[in-house]
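Only a predicted model underlies this, so the values are computations on that prediction, with no experimental measurement involved. Ligands are counted one by one from 1 in listed order, and the atoms in each one are counted from 1 as well.
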Amino acid sequence: MRKAISRDTCMLVGSAPNFPSGSIDPIAEIANLGLEYGIPVHVDACLGGFLVPFMEDAGFEMPLFDFRLPGVTSVSCDTHKYGNTPKGSSVILYREPQYLHHQYFCISEWPGGIYATPTLSGSRCGSSIALTWATLLHFGRNTYVERARKIVSMARKLAGEVAQIPGLKAMGRTDVSVVAFQSDEFNIYAVSDKLNKLGWNLNTLQNPASIHFCLTYNQASEEVVKEFVADLTKACDEVRSDPKKGGDSKSAAIYGLAAQIPDKSLVEEVAYTFLDACYAMPEKED
Ligand SMILES: *Cc1c(COP(=O)(O)O)cnc(C)c1O
């Protein structure tokens with residue numbers, strides 16, 4: 001990151017944690033870089049924003065990741081993830097009002113009046129904000145701490161068990177709630193397809209090929225972990241004993257093909273065609 005800094009650098013960003021592997025970046029070191037070079041430091045705590053602030057109280061060792069580090073200038077947290085609020089609300093916190101100020105947009109000469117908005121979206125839904133506030137009050141700090149304790153301890157337990165399954169290895173660290181894994185022996189996407197058939201829907205990741213289980217409160221129990229590990233072990237055994245090592249599975253084919261195309265704009269075109277199909281109207285019948 002230090003090497004990448006130039007006179008054009010307007011921001012340094014770290015994750016707490018990132019989405020793919022669930023690992024927390026060395027935020028304190030990034031914050032020091034920001035101070036040293038006079039560059040704002042943003043912490044993306046979108047996924048973990050309602051887990052990481054409660055982990056210390058839940059009994060976990062937790063490095064500083066927030067405004068207690070002098071270099072951190074903004075933090076984002078998604079209320080709609082572990083905050084349990086409905087989608088459509090999120091939070092961006094700034095150390096200084098000047099950063100909020102830069103977020104504003106105004107068009108002063110519009111015939112419709114002097115239009116000024118603090119956010120990217122213009123009209124916003126008041127009920128979503130009210131529901132978010134009500135949800136935060138309903139759960140309360142103690143419940144968030146209790147849930148963080150269950151989710152993080154079960155995620156780490158799951159990570160420990162996954163590491164024991166032959167052929168699997170961890171992708172990153174389970175610092176919070178995500179357990180990500182890959183395989184050097186067989187095609188991990190084939191494992192994902194088999195898990196789908198057993199009723200588990202994991203996120204598929206790429207660069208490197210891997211999949212992850214992002215534990216929610218509903219899955220933070222001994223029973224779910226036990227059931228999942230049994231199904232995952234079975235799925236891995238099947239793929240390992242397959243002569244093609246899962247290379248011909250559906251997801252493996254999609255990601256394998258995408259990885260072979262050097263011009264990624266073609267991959268985007270295919271993704272857009274999928275979206276077009278989602279919005280397509282049925283042909284009118286005569
Ligand atoms: C969810 C998430 C975001 C924001 O995604 P939205 O779909 O816009 O809510 C940003 N960063 C991380 C790490 C996330 O998990």
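Counting heavy atoms from C-beta outward, F213 and V178 have side chains that stay 4.5 Å or more apart.
Judged by distance alone, the side chain of Y217 and the main-chain N or O of A148 form no donor-acceptor pair under 3.5 Å. Under a 3.5 Å cut-off, the side chain of R149 and the backbone N or O of G59 do not form any donor-acceptor pair. The main-chain N or O of I151 is never found under 3.5 Å from a side-chain atom of S177 such that the two would form a donor-acceptor pair. Side-chain atoms of R147 do not come within 3.5 Å of backbone N or O of F139 as any donor-acceptor pair.
In this structure, atom 9 (O) of ligand 1 is in close contact with the protein, since a protein heavy atom lies within 4.0 Å of it. For atom 15 (O) of ligand 1, the nearest protein heavy atom is under 4.0 Å away.
For atom 11 (N) of ligand 1, the closest non-hydrogen atom of the protein is D44 OD2, 2.8 Å. Annotation: atom 1 (C) of ligand 1 to nearest protein heavy atom, K81 NZ, 1.2 Å.
For the pair K87 and ligand 1, no heavy-atom separation below 4.0 Å is found.
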Verdict with reasoning, Q219 to L158, per side-chain contact (heavy atoms from CB on, under 4.5 Å)
CA-CA 11 Å; Q219 297 141 354; L158 176 58; over 6 Å; no
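Of all the atoms in ligand 1, the ones that sit under 4.0 Å from a non-hydrogen atom of H80 are 9 (O). Near D78, meaning under 4.0 Å from one of its heavy atoms, ligand 1 places the atoms 1 (C), 2 (C), 3 (C), 4 (C), 9 (O).
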